[in-house]
Asker: 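Handing you a structure now.
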Amino acid sequence: MQTVGTWWMWVGFTVFVVAMLLVDLLAMRGGKAHRVSFKEAAGWSAVWVAVSLAFAALLWWRLDVTLGREAANTQALAFVTGYLIEKALAVDNVFVWLMLFGAFAIPPELQKRVLALGVFGAIVLRAGMIFGGVWLVHQFHWLLYVFGAFLLYTGVHMWRGADAPAGTPGGALLGWLRRHVNVTDRLHGERFFVTQETDGKTARFVTPLLLVLVLVEISDLIFAVDSIPAIFAVSLDPFIVLTSNVFAILGLRAMYFLLADMAARFSLLKYGLAIVLVFVGAKMLLMDLIHVPVLFALGVVAAIIATSVVLSLRRTPPEHGG
């Protein structure tokens, strides 16, 4: 697989990600359960965006020196476009997390440990999916058309079901776990496992917090099936695809707490995400007939997301009858 990433770029990126995960765990007072404030979440969201843009600038500089200005412009734009697509689609994932935490009555001060582990699991999971997906596409180019058709279908399906109530992801697995695993009937702080007496014997129990973590990982797997093929429409370079995906995920926990109290105000965002998926899917299906420059694709995606956000914020909240 051809890639702009040299071995030391891969090593440096891996070290950076591990360091950032540790920063994310410690900076939000990782050892102390507390409710993450809007100000704290906004600050860290800004930090993650700034770090991602700094990486894009550093990538552009490196490629400009080694491969030339045209390659640097193309790859840096591909990174930013992939980052924006992943960041936008992740908002839908945030709404599902809100539903999960609400369904299990997980208080805000206990949510950050679940999300920290969820982000780590998402990075590991998506790395495997990206390398596997890039390899498959290089071996079987026609899979790009399959991905394009799938994204087109997903976008239409998302548009038609934008106002429908969401179901709990992994509901069947949750039912199986409750039947086959000892589950406590209440939370035990940030603990995932506890020891309790049952039928006169000491047994190991899992807490509802662990069930939520499992469902968070399942929800990310479901959303990765959409978001990763969408980035393939922008680039098939594994370094660009992985770095843009990971940088978007790194700030996902801060973005969750930023949007937690504002989710209801983004009522039209799902329609915007649906249009993005349709656009990306159509781009993949027509790639041999119409060449869409990366800069144009970036502009279209940014315009769609910005428009849906602005219209959502300007929309008059529905009146509730008494």
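Given the structure is predicted, the values throughout are model-derived calculations rather than measurements.
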Asker: How would you list all residue pairs meeting side chain to side chain donor-acceptor pair (under 3.5 Å) that involve residues 12-21, not counting sequence neighbours?
Answerer: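 Non-adjacent pairs meeting side chain to side chain donor-acceptor pair (under 3.5 Å): zero.
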
Asker: If a pair satisfies side chain to side chain donor-acceptor pair (under 3.5 Å) and one of its residues is in residues 289-298, list it, with sequence neighbours excluded.
Answerer: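 Listed once each, the pairs would be none.
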
Asker: Going by side-chain contact (heavy atoms from CB on, under 4.5 Å), I218 matches just one of D220, I222, V216. Which one?
Answerer: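 So, applying the side-chain contact (heavy atoms from CB on, under 4.5 Å) to I218 and each of D220, I222, V216, only I222 qualifies.
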
Asker: Just do the side chain to side chain contact (heavy atoms under 4.5 Å, CB included) check on L213 and F192 with the steps written out, would you?
Answerer: CA-CA 9 Å; L213 175 60; F192 292 128; 4.1 Å; yes

Asker: Check Y83 against S244 and note the closest heavy-atom contact, atom names and distance.
Answerer: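 Where Y83 meets S244 most closely, the heavy atoms are N-CB, 3.6 Å.
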
Asker: Check the orientation of F140 and W135. Use parallel for under 30°, tilted for 30 to 60°, and perpendicular for over 60°.
Answerer: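 The arrangement is perpendicular - the two ring planes meet at more than 60°.
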
Asker: Does K283 use its side chain to pair, donor to acceptor, with the backbone of A233 at less than 3.5 Å?
Answerer: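 Yes, the answer is positive, given that a donor and an acceptor are paired below the 3.5 Å cut-off.
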
Asker: Under 6.0 Å from the CD atom of Q139, do we count more than 12 heavy atoms belonging to anything else shown?
Answerer: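 More than 12 within 6.0 Å, yes.
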
Asker: Given side chain to side chain contact (heavy atoms under 4.5 Å, CB included), test R62 with L67 step by step and report yes or no.
Answerer: CA-CA 8 Å; R62 170 63 185 172; L67 300 180; over 6 Å; no

Asker: Check whether any side-chain N or O of T74 sits under 3.5 Å from a backbone N or O of A71 as a donor-acceptor pair, and report yes or no.
Answerer: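 Answer holds: no.
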
Asker: Is there a side-chain contact between V134 and V137, using heavy atoms and a 4.5 Å cut-off?
Answerer: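 When only atoms from C-beta onward are counted, V137 and V134 do not touch, as no gap falls below 4.5 Å.
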
Asker: Within the distance-only criterion (no hydrogens, no angle test), does the side chain of T3 pair as donor or acceptor with the backbone N or O of D237 below 3.5 angstrom?
Answerer: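 Not a single qualifying donor-acceptor pair exists.
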
Asker: Do you know the tightest heavy-atom contact between L110 and G189?
Answerer: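 Nearest heavy atoms, L110 then G189: CD1-O, 3.5 Å.
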
Asker: Name the atoms and distances for all side-chain donor-acceptor pairs under 3.5 Å in residues 113-125, with sequence neighbours left out.
Answerer:
| from | atom 1 | to | atom 2 | distance (Å) |
| --- | --- | --- | --- | --- |
| R113 | NH1 | E190 | O | 2.2 |

Asker: If you round to the nearest 0.5 Å, how far is CG of L89 from OG1 of T154?
Answerer: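 Answer rounded to 0.5 Å: 10.0 Å.
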
Asker: List the residues meeting side-chain contact (heavy atoms from CB on, under 4.5 Å) with T81, not counting sequence neighbours, and say none if there are none.
Answerer: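 I85, V234, V294, L298.
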
Asker: Got a sec, which residues hit side chain to side chain donor-acceptor pair (under 3.5 Å) with T184, two or more places apart in sequence or on another chain?
Answerer: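 Not a single residue meets the side chain to side chain donor-acceptor pair (under 3.5 Å) criterion with T184.
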
Asker: Between I231 and G82, which heavy-atom pair has the shortest distance, and what is it?
Answerer: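 Distance-wise, the nearest heavy atoms are CD1-O, 3.7 Å.
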
Asker: If two hydrophobic side chains count as joined below 4.5 Å and joins carry through other members, does M20 share a cluster with L53?
Answerer: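 Yes.
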
Asker: R204: which residues meet the side chain to side chain donor-acceptor pair (under 3.5 Å) condition with it, sequence neighbours left out?
Answerer: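 For R204, no residue satisfies side chain to side chain donor-acceptor pair (under 3.5 Å) once neighbours in sequence are set aside.
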
Asker: Should the ring pair W44 and W48 be called parallel, tilted or perpendicular, given that the plane angle runs from 0 to 90° and is split at 30 and 60?
Answerer: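 Rings of W44 and W48: tilted, 30 to 60°.
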
Asker: Given the rule in the side chain to side chain contact (heavy atoms under 4.5 Å, CB included) test, do T207 and V183 qualify, once you have shown the distances and angles that lead to the verdict?
Answerer: CA-CA 6 Å; T207 69; V183 182; over 6 Å; no

Asker: Kindly work out whether a path of hydrophobic side-chain contacts (I/L/V/M/F/W/Y, heavy atoms less than 4.5 Å apart) joins L209 to V194.
Answerer: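 Shared cluster, no.
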
Asker: Describe, in one word, how the ring planes of F247 and F16 are oriented to each other, choosing from parallel (under 30°), tilted (30 to 60°) and perpendicular (over 60°).
Answerer: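 F247 and F16: tilted rings.
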
Asker: Work out which heavy atom in S235 is nearest to a heavy atom in I240; give both atom names and the distance.
Answerer: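 Of all heavy-atom pairs spanning S235 and I240, the closest is OG-CB, 3.8 Å.
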
Asker: Quick one: are L277 and L152 in side-chain contact, heavy atoms under 4.5 Å?
Answerer: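 L277 vs L152: side chains apart.
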
Asker: What are the two closest heavy atoms between V96 and S219, and how far apart are they?
Answerer: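 V96 and S219 have their closest heavy atoms at CG1-CB, 4.0 Å.
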
Asker: For a 4.5 angstrom cut-off between non-hydrogen side-chain atoms, does F131 reach L242?
Answerer: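 Yes - at least one pair of side-chain heavy atoms lies under 4.5 Å apart.
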
Asker: Go through the structure and list residues passing side-chain contact (heavy atoms from CB on, under 4.5 Å) with I290, not counting sequence neighbours.
Answerer: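 L286, V292.
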
Asker: Would L313 and L258 show up in the same hydrophobic cluster when neighbours are defined by side-chain heavy atoms closer than 4.5 Å?
Answerer: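 Per the 4.5 Å side-chain linkage, L313 and L258 are co-clustered.
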
Asker: Listing request: all ring pair (Phe, Tyr, Trp, His ring centres under 6.0 Å) pairs with a residue in residues 204-243, at least two apart in sequence or in separate chains.
Answerer: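 Every ring pair (Phe, Tyr, Trp, His ring centres under 6.0 Å) pair that includes a residue of residues 204-243, provided the two are not neighbours, is W10-F239, F147-F232.
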
Asker: Hydrophobic side-chain clustering at under 4.5 Å (ILVMFWY, transitive links): who's grouped with W61? Put none if nobody.
Answerer: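 The other cluster members (ILVMFWY side chains, heavy atoms under 4.5 Å, direct or chained) are L58, W60, V65.
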
Asker: Can you sort out the partners of E86 under side chain to side chain donor-acceptor pair (under 3.5 Å), two or more places apart, ordered by chain and number?
Answerer: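 By the side chain to side chain donor-acceptor pair (under 3.5 Å) rule, E86 matches R126, S227, N245.
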
Asker: Under the side chain to side chain donor-acceptor pair (under 3.5 Å) rule, collect the residues that match up with T195, sequence neighbours excluded.
Answerer: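 Scan of T195 (side chain to side chain donor-acceptor pair (under 3.5 Å), adjacent residues dropped) gives none.
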
Asker: Any idea which heavy atoms bring H188 and Q196 closest together, and the distance?
Answerer: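 For H188 versus Q196, the nearest heavy atoms are NE2-NE2, 3.4 Å.
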
Asker: If you apply the rule side chain to side chain contact (heavy atoms under 4.5 Å, CB included), what do you find for F95 with M99, and how did you get there?
Answerer: CA-CA 6 Å; F95 294 161; M99 178 196 68; over 6 Å; no

Asker: Would V225 end up clustered with L236 when hydrophobic side chains under 4.5 Å apart are linked, directly or stepwise?
Answerer: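 Yes; L236 is reachable from V225 via cluster members.
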
Asker: Please answer: with hydrophobic residues joined when any side-chain heavy atoms are less than 4.5 Å apart, are V146 and Y153 in the same cluster?
Answerer: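 The answer is no; the residues belong to distinct hydrophobic clusters.
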
Asker: Please name all residues satisfying salt bridge (charged side-chain N to carboxylate O under 4.0 Å, His left out) with R191, sequence neighbours left out, ordered by chain then number.
Answerer: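 Here no residue qualifies.
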
